[in-house]
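Here is the structure we will look at.
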Amino acid sequence: MTTDTSLSQSAGQPRSEPISLWDRSSEEPTYANPLAQDARVDVAIVGGGYTGLSTALHGALKGLSCHVLEAEEIGHGGSGRNVGLVNAGLWLPPQQVEQMLGKAHGGALVRELGDMPDYVFSLIEQYQIRCEATRAGTIHAAHAASGLRDLEARAAGWQALGAPVRLLSAGETAEKTGTAKFHGGLLDARAGTINPMGYVRGLARAARAAGADISTGTKVLALKKDGANWKVETDRGVITAGRVVIATNAYSNDLWPGLAQSFTPIHFFQMATQPLGAEAGSILPEGQGLWDTGKIMFSLRCDQAGRLIIGSMGSVVGGTEGLTRRWAERKLRRLFPDLGALEFADAWHGQIAFTPDHLFRIHRLDEGLYSPVGYNGRGITTGTMFGRALADLFSGASEDSLPLPITDLKPDRGRAMKTQLYRSAFLAKQAAESLL
């Protein structure tokens with residue numbers, strides 16, 4: 001099964017095949033219910049991913065009437081296509097975040113992000129979300145000696161804040177991963193893995209139970225200010241709302257001028273084997289998820305059925321039998337030379353919104369109109385956090401309570417050139433490594 005990131009399917013039409021392994025294997029059922037009539041609510045939310053559904057859940061719990069509008073199905077974008085690593089923090093070391101945002105804002109953000117895996121797993125427990133939740137941590141693996149030096153600095157930074165992270169030697173990393181190819185690793189005990197589609201569908205179920213409305217197969221066409229309110233025009237009717245959240249992140253389009261140009265979109269692909277059983281028992285035996293320190297990083301994890309899921313930056317080329325398959329097979333054989341024959345059952349990719357400084361943003365696009373964007377591949381915790389924060393804001397908290405200061409919408413300069421350069425570099429690396 002091969003999928004891509006296009007959103008060309010007609011709204012409301014059933015899909016012929018899953019968008020990812022996570023879609024196919026999720027125990028949480030999908031939800032489909034197009035908008036049936038016009039409505040008036042406190043908060044209208046564009047996008048049925050982590051941010052949108054977290055906003056709806058937390059807003060409904062605070063007594064706000066919330067309505068989520070999703071052009072396709074719940075989790076159709078990055079929320080149903082990502083690796084499923086529930087990580088603490090950003091890509092950046094904590095001290096660098098403080099330097100960029102100042103000690104007060106940066107320190108508060110680092111602390112909140114450090115606590116977010118706990119919060120995500122508490123939601124999973126509270127609402128009994130069926131998403132293969134595994135709380136064994138994640139491993140940031142050093143691909144080279146330079147990568148290990150970076151991890152040493154990160155470990156020191158987190159440990160100074162009291163975080164439960166531990167630098168692993170090469171030998172310890174080999175024991176925990178099943179391969180001796182890494183120079184060491186950073187084990188973060190706060191983190192874990194989930195079926196990401198199961199989690200986002202579970203948030204939708206919880207939000208509906210709390211009183212939020214969700215309309216799928218409903219495309220938002222325009223946002224128009226109407227006095228103190230907003231008119232959210234869709235292909236199925238109009239929602240009138242006091243506040244609006246554009247929660248589309250990497251899948252933002254031209255709904256609001258300039259939003260899609262504020263970040264550089266990149267693809268991240270994944271391939272999943274058939275369940276391997278005992279043969280793969282020595283690979284990540286404790287259940288951690290892994291990503292490496294390479295500039296063009298790759299990720300590796302297992303699901304609870306025993307499938308190996310390997311991915312990297314770029315798009316799927318040739319489905320389960322083409323270039324990407326050759327890359328995945330050779331990569332796995334270099335890491336785990338004793339593996340037997342490998343059969344790949346699923347291949348897919350999704351989009352990530354990269355910002356120039358790897359920090360996300362909260363934009364106030366107009367009075368009562370907000371859009372968090374630029375998650376840089378950390379959507380599970382970040383989207384959940386932003387949804388909760390926006391619900392607090394709409395319930396009376398000040399903008400100073402948001403995880404980071406409001407920023408103006410600015411274009412990511414050189415976006416088109418960077419997009420093409422990234423695509424070319426990712427493809428070249430995939431092609432080169434498929435021949436090794």
Side-chain angles (χ1 to χ4, degrees), residues 49-51 53-55 57-58 78-79 82-124 133 135 137-140 150-151 153-166 186-194 196 199-200 203 247 249-250 263 288-289 291 297 352-355 357-363 370 372-393 397 399-407:
Y50 302 129
T51 307
L53 293 165
S54 178
T55 305
L57 170 60
H58 291 95
S79 297
N82 66 84
V83 183
L85 303 184
V86 186
N87 276 318
L90 299 93
W91 275 45
L92 303 171
Q95 279 69 25
Q96 189 174 346
V97 177
E98 290 189 4
Q99 291 171 4
M100 296 171 72
L101 294 176
K103 195 161 186 66
H105 279 297
L109 177 61
V110 166
R111 287 191 297 273
E112 186 166 1
L113 283 170
D115 292 338
M116 279 311 296
D118 262 338
Y119 189 69
V120 167
F121 284 107
S122 76
L123 290 178
I124 292 169
R135 194 77 186 272
T138 55
I139 297 173
H140 197 178
D150 175 63
L151 295 183
R154 289 173 183 265
W158 279 117
Q159 288 167 356
L161 298 173
V165 303
R166 183 165 69 89
L186 186 63
L187 175 64
D188 189 339
R190 299 168 295 182
T193 61
I194 57 174
Y199 176 58
V200 73
L203 287 179
N249 194 33
F263 59 86
Q288 290 96 357
W291 79 104
M297 58 165 280
I352 296 173
F354 258 42
T355 56
D357 57 7
H358 298 305
L359 282 177
F360 33 66
R361 316 275 194 264
I362 300 180
H363 298 303
Y370 294 83
V373 74
Y375 294 175
N376 292 278
R378 294 298 178 95
I380 295 173
T381 47
T382 305
T384 304
M385 176 185 71
F386 275 140
R388 182 178 67 177
L390 288 169
D392 288 342
L393 177 68
E399 287 187 351
D400 290 338
S401 69
L402 291 171
L404 74 170
I406 296 286
T407 51

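Because only heavy atoms are used, hydrogens play no part in the values below, and waters and symmetry mates are left out as well, while side chains stay in.
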Would you find a donor on one side and an acceptor on the other, under 3.5 Å apart, between the side chain of [X] and the backbone of [Y]?
X      : Y      : result
Thr138 : Gly289 : no
Ser79  : Tyr50  : yes
Asn249 : Gly374 : yes

Six-ring centre of Tyr119, Arg388 cation under 6.0 angstrom, axis tolerance 45°: yes
Geometric class of the Phe354/Trp91 ring pair [parallel <30°, tilted 30-60°, perpendicular >60°]: perpendicular
Heavy-atom pair with the smallest gap, counting every atom of [X] and [Y]:
X      : Y      : value
Gly192 : Phe121 : CA-CZ, 3.9 Å
Pro117 : Ala191 : CB-CA, 4.4 Å
Met116 : Thr381 : CE-O, 3.6 Å
Ser54  : Gly383 : CB-O, 3.9 Å
Arg135 : Ala189 : NE-O, 4.4 Å
Leu151 : His140 : CD1-O, 3.1 Å

Can you confirm whether [X] sits close enough to [Y] that some side-chain heavy atom of one is under 4.5 Å from a side-chain heavy atom of the other?
X      : Y      : result
Val373 : His363 : yes
Trp158 : Pro94  : yes
Val120 : Tyr199 : yes

Hey, what do you get for [atom1] ([X]) to [atom2] ([Y]), rounding to the nearest 0.5 Å?
X      : Y      : atom1 : atom2 : result
Leu113 : Arg190 : CG    : CZ    : 9.5 Å
Asn82  : Ile352 : CG    : CD1   : 8.5 Å
Thr407 : Leu359 : OG1   : CG    : 9.5 Å
Asp118 : Leu123 : CG    : CG    : 11.0 Å
His58  : Leu203 : NE2   : CG    : 8.5 Å
Leu85  : Arg378 : CG    : CZ    : 8.0 Å

Pair Tyr370-Leu393, side-chain contact (heavy atoms from CB on, under 4.5 Å): steps then yes or no: CA-CA 11 Å; Tyr370 294 83; Leu393 177 68; 3.6 Å; yes
Worked verdict on Val165 versus Arg154 for side-chain contact (heavy atoms from CB on, under 4.5 Å): CA-CA 9 Å; Val165 303; Arg154 289 173 183 265; over 6 Å; no
Distance-only polar pair, side chains of Asn376 and Thr355, donor-acceptor under 3.5 Å: yes
Verdict with supporting geometry, Leu404 and Ile362, side-chain contact (heavy atoms from CB on, under 4.5 Å): CA-CA 7 Å; Leu404 74 170; Ile362 300 180; 3.8 Å; yes
Derivation of the side-chain contact (heavy atoms from CB on, under 4.5 Å) call for Phe360 and Leu109: CA-CA 11 Å; Phe360 33 66; Leu109 177 61; 4.0 Å; yes
